[in-house]
Number of protein chains: 2
Amino acid sequence: MLTYDMEERGGLSRYDYLSRRIKEDIRSGMLAAGEKLPSKRSLAAHLRVSLSTVESAYSQLAAEGYILAREKRGYYVCAVERGQEAKHLPPPEEEPAPEEGGWLLDMKQGGWGTLGFPYTVWARLMRQVLTQEGEALLRPSPGSGALPLRRALARYLYRFRGMSVSPGQIVVGAGADHLYGQVVQLLGREKIYGVERPGHVKIRQVYQLYGACCVDIEAGWDGIDPVQAIQSGAEVLHLSPAHQFPTGSVIPIGRRQALLRWASEWAGRYILEDDYDSEFRFTGRPIPTMQSVDTGGRVLYLNTFSRTLAPSLRISYLVLPPALAEAYRRSLGFYSCPVPVAEQLTLARFLEEGHFESHVNRMRSRYRAARRAVLSALAASPLAGRYDLRGEEDGLHFLLRLDTGLSDGELGRRGLEAGLRLAFLSDYGGREPHWLVVNDPGIDLSSFPAALERLAGLLDGGAFPSCAPVVHGVK
Amino acid sequence: MLTYDMEERGGLSRYDYLSRRIKEDIRSGMLAAGEKLPSKRSLAAHLRVSLSTVESAYSQLAAEGYILAREKRGYYVCAVERGQEAKHLPPPEEEPAPEEGGWLLDMKQGGWGTLGFPYTVWARLMRQVLTQEGEALLRPSPGSGALPLRRALARYLYRFRGMSVSPGQIVVGAGADHLYGQVVQLLGREKIYGVERPGHVKIRQVYQLYGACCVDIEAGWDGIDPVQAIQSGAEVLHLSPAHQFPTGSVIPIGRRQALLRWASEWAGRYILEDDYDSEFRFTGRPIPTMQSVDTGGRVLYLNTFSRTLAPSLRISYLVLPPALAEAYRRSLGFYSCPVPVAEQLTLARFLEEGHFESHVNRMRSRYRAARRAVLSALAASPLAGRYDLRGEEDGLHFLLRLDTGLSDGELGRRGLEAGLRLAFLSDYGGREPHWLVVNDPGIDLSSFPAALERLAGLLDGGAFPSCAPVVHGVK
C-alpha cells in the first residue's frame, strides 16, 4: 500500500501533496505502468485522510494523464517516461531596461507625436467611454472596426479630405504595418508590389514577410515616373502621392492621371495611397487625394494617427473601393479588429467633437515654428553656405545636402564617433549622396547648435577632435 | 489675360477661388499645355487682388502639378488630361447599424468576457496611467511590447502557471489572430502546420491566409494521438493541451512526453501551446503547461486576455524559447507592437496589483455557478434523459449529445426556423454527429428553458409548430 507521511506536506494542501507524491512515484518507476492503485476508500483509511482528499488527488492525476480510471475496476498507472518532473523553477532574471541613446543628435528618431498630446481631453473622453458605454465596450467590434469610429472617420474624410466614402469601406487597423499586411492578404501574395525608392524600409520588409515580391519604383524630385512604374511589372503601387518620404515630392496631377489610367486598364491593378502625413502641409490647401479622383475603384487609401496623435496609439485605417470592401468582408471579415474597443470609441468622440481638428491645427503651427527654428539654427551654424535644402516648406521632415567629399558611410561612422546619429537619403535607398534626412520634430533644439558645430567639423575629412568623451550606446 | 469675376467666389478665399478657376480652365483645355501664364504681378493688377493672392494660387497649382515654375521665366501650364475634376462630392450614405440577432438561443455567440468586467478598477488604473506616465505613453513601445507589461506577465506566469520565463521571451500581441500570424512569419510559411480537428476554424483560416499549409490532427476524447500527429507530416503542432476546443480533452502526460520527444528529435519542429482558457478549470489545480516541462526549447506558449478580461481588449502574448526570441528580434523586431501603450501599462498595473488574480477567481465562481444553472435547466427540461454530456466539469464550454435521428444539418436548419442558432461539433470539423457545443457564458438563462422546450420539439423529426412568429435575422 502507498505510504506517505502526510505531516511532511509543508504548506501544500493534503490532496495536492498526495497527488505530487504519487506523481513522483510514477515518474521514478516505483509505480509501474499498468499497476492498479489502491481503492480510494482503502487509501484514505491507510493514510488517515478523508475520502475526498484521495478523490481530489486521483482526479487531478487522472486529469493530467498519470492514471486512468476504468469503470468499476479502479485506477491504473499510465505509461509515463521516467525522469524528474520540472521542479519549482527559479524565478527568471529580470531583463534590464534598455539604455537610452545619449546622442547629441539622433536623426533616426522620428520624434513626431511625442509632444503636445492632448492628455486632458483624451483622458476625459476615455473616462466617459469607460463609464458610459457599458457592455458595448466588452463585445468585440466587427472585424473592420467599431461602427461609431468608422462613421466618425467617414465624416472627417468628407469634411477635411474631400473624400466621399461610406463607413462600410473603412477598415480600422493597429498601425500602418498591420494594414500593409491586410492589403497583401486581400490583394494576394502572388502579386508584384511596387514600392518607392528611396522610401521606408519597413514597407518592403512587411510585404516580404507576408511572402509578396517587391520591385523598386524610383521616386525622384517630381514623384515617381509613371512610365518606369508601368514598366516595372508591378501590379500594386504603394505610393505616398501627397508627400513622399523621404524626397518630399508631390506626384503632379498629370502623373496621377497616368497612374490611375494604368490601374483601370487591367483587372487586378491597384494603387495604395499612403497618406501618412498629409495633415502637416504648412502652406496652402491640402493636396487632393488620388482616392477622391479615382473613378475606377482602384485606389486603396491608408492613413494613421501615429503622427497626428501619437505613435503609441496604434490606430490606422484603410478606405477600400466598394468591390474590395465586399471582398474584404468575405475573405478577411473573420478577423477580430485588433484595436481595443475603448480606444476606438474614444477616438470616435475625439473626432466627432472637433478635438482632432484643433489638435492638428495646433500641432501644425508648432511644427511650423520648430521648422523655422531648425532652419535658423542651420543658417547661424558653421554649416552656413555649405548646404542645400529640399522640401523645407512642408511636412515633418526635410532634406539637407552637405558640401563634403566624404562618402555617406564614412560620414555616418564619424558622426557616430562624435555622438551624432545621422540619417542619409542613401539609408532609405536614395542614389544621391550627401543628403541628410532631417526629422525635425525629433530634434532637441537646445543641443542642436552644438551638434551642427560638430557636424561641420567632420565634413572636411579631418578626424573628430575628441575633446570630451561622448557617452552613447551603439545598437 | 485670365479674367475671373472675383465677386463670384462665394465662401471661398480669394486664392482658393482663383486656383480652382485656373484649374478648371486647364482641365477644360481653355489653357493649353505649354502655355505661359501671366506674371503674378500683372494678373494681380488685372484682377485687382493682392500679389500674395496670386502667389498663393500659383503655388497651390504648382504643388498639385497643374503648372510648372521655370526659373526666371514664369509659370507654364502642364499636360493634364481633360475632364471635370471631381466636384464637391455628396456625403456618403450612412451605414445602418447591424440588426441584432433576436435568437431565442444563440450558441455561436461565445459570450465570455462580456460580464463582470472590472470597470471601476480598470478606469482608475487607466486614468492613473494617462496622468502619471507622461511622455512614456507617447513613445512607441518596443516591438515585443512595453517592458513593464512583459515583466508583469513573467511574474504572473511564474506565480500562477509555474513557468520561469524572462520578459525578453515575451511578445505582446493584439489578440490571438495577430500572434498566429507572427508565428507563421517567425517559423516560416513553408512549414506544415498541424491543427486540431475538430477545432477553431479561425486558426486554419489565419495560417492559410499567411500562405502556410495546414494538416488535420485528429483530436479525440483523450487529446491528440502522437502517432497520428507524427505521421501527419506536420512540423509545427498547434495544440491546446490543457483544454481542447471543442472536445474539452486534456492531453495526458504520456502523450505530452511523446510529443515533446518528437519535437526535440529534429531541428525546426515546434509545438504551439495555445493555453486559451486554462484559467477556468473549476476543480483541482491547473494542468501544468507543456512549456514548463520543455527542456529542448521547442514549445511556444500563447495566451490571451480575451476570455479572462474582455474580447474587446485585444491583448495576447507569446512566450518564445530563448533561441526563437532572439530570432524574433532579428527578423520581426522592426514591427511596432500593435497594442496601445496606455492599454499595456494599464494591464501591467492590473496584474501587478493583484486585480487580475481576484478578477479571475471571481469569474471562475461565476462561470461555475452559471454551469450549474445550465445543467439544472437541462435536467429539468423535456430533453431530460435524451442527452449525454462531456467536459461539463470545466472551462467555458461543454458538449451535449442529443438523442435524435436527424442529421446535424437538418437539425440546424430546423433550429434556425425555430429561432435557435445551434453549434455542432461537426461545425468545427468533428466526425461524430449530434453533439452540440454549448458556450454557456453566452446563454441567457431567462430564455433557456423555453429554448430547450423548442429544441426538444425538433428532435423527433416533426416540423416546428410555429405558434408565434419568431423575429430574427439570418446572416
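Quick note on labels: first sequence line is chain A, next is B, and so on, each numbered from 1.
- The part of B:Arg189 that comes within reach of chain A is its side chain, from C-beta onward, which places non-hydrogen atoms under 4.5 angstrom from that chain.
- Both the backbone and the side chain of A:Leu209 have a heavy atom closer than 4.5 Å to some heavy atom of chain B.
- Heavy-atom pairs under 4.5 Å with chain B peak, among A:Leu157, A:Leu332, A:Asp16, A:Thr295, at A:Asp16.
- The minimum heavy-atom distance linking B:Pro286 with A:Glu64 is given by the pair O-OE2, 4.2 Å.
- Using a 4.5 Å cut-off between heavy atoms, B:Ala258 contacts chain A through its backbone alone, with no side-chain atom that close.
- A salt bridge is defined here as a Lys NZ or Arg NE, NH1 or NH2 lying under 4.0 Å from an Asp or Glu carboxylate O, and A:Glu81 with B:Arg261 meets this definition.
- Among the candidates B:Gly211, B:Gly254, B:Gly175, the residue making the largest number of heavy-atom pairs closer than 4.5 Å to chain A is B:Gly211.
- Residue A:Val339 touches chain B through its backbone alone, counting heavy-atom pairs closer than 4.5 Å.
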Exercise for the section: Evaluate the side chain to side chain contact (heavy atoms under 4.5 Å, CB included) criterion for residues A:Arg27 and B:Ile253: first the C-alpha distance (whole Å), next the side-chain angles of each, then the deciding distance (0.1 Å), finally the verdict. Expected result: CA-CA 10 Å; A:Arg27 295 189 73 122; B:Ile253 178 69; 3.9 Å; yes
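- Of the inter-residue distances, the one linking A:Met126 atom CE with B:Leu130 atom CG reads 6.0 Å to the nearest 0.5 angstrom.
- In this structure, the separation between CD on B:Glu343 and OG on A:Ser312 is 10.5 Å, given to the nearest 0.5 Å.
- Most heavy-atom pairs under 4.5 Å with chain A, from the set B:Cys337, B:Ala342, B:Ser56: that is B:Cys337.
- With sequence neighbours left out, A:Tyr119 forms a side-chain contact (heavy atoms from CB on, under 4.5 Å) with A:Phe117, B:Leu137, B:Leu138.
- Taking B:Pro340, B:Pro252, B:Gly65 one by one and counting their heavy-atom pairs under 4.5 Å with chain A, the maximum is reached by B:Pro340.
- Using a 4.5 Å cut-off between heavy atoms, A:Ala79 contacts chain B through its backbone alone, with no side-chain atom that close.
- Rounded to the nearest 0.5 Å, atoms SG (B:Cys78) and CZ (A:Arg255) are 10.0 Å apart.
- Remark: B:Thr131 engages no residue in a side-chain contact (heavy atoms from CB on, under 4.5 Å) (not counting sequence neighbours).
- Interface residue B:Ser331: only backbone heavy atoms are found under 4.5 Å from chain A.
- At a 4.5 Å heavy-atom cutoff, B:Arg256 makes no contact with chain A through either its backbone or its side chain.
- Both the backbone and the side chain of B:Ser336 come within less than 4.5 Å of a heavy atom of chain A.
- Put simply, CZ on B:Phe334 and CG on A:Asp177 are 6.5 Å apart, with the number rounded to the nearest 0.5 Å.
- For the residue pair B:Arg281 and A:Ala63, the shortest heavy atom distance occurs at NH2-CB, 3.5 Å.
- Of the listed residues (B:Gln60, B:Gln185, B:His178, B:Arg285), the one with the most heavy-atom contacts under 4.5 Å to chain A is B:Arg285.
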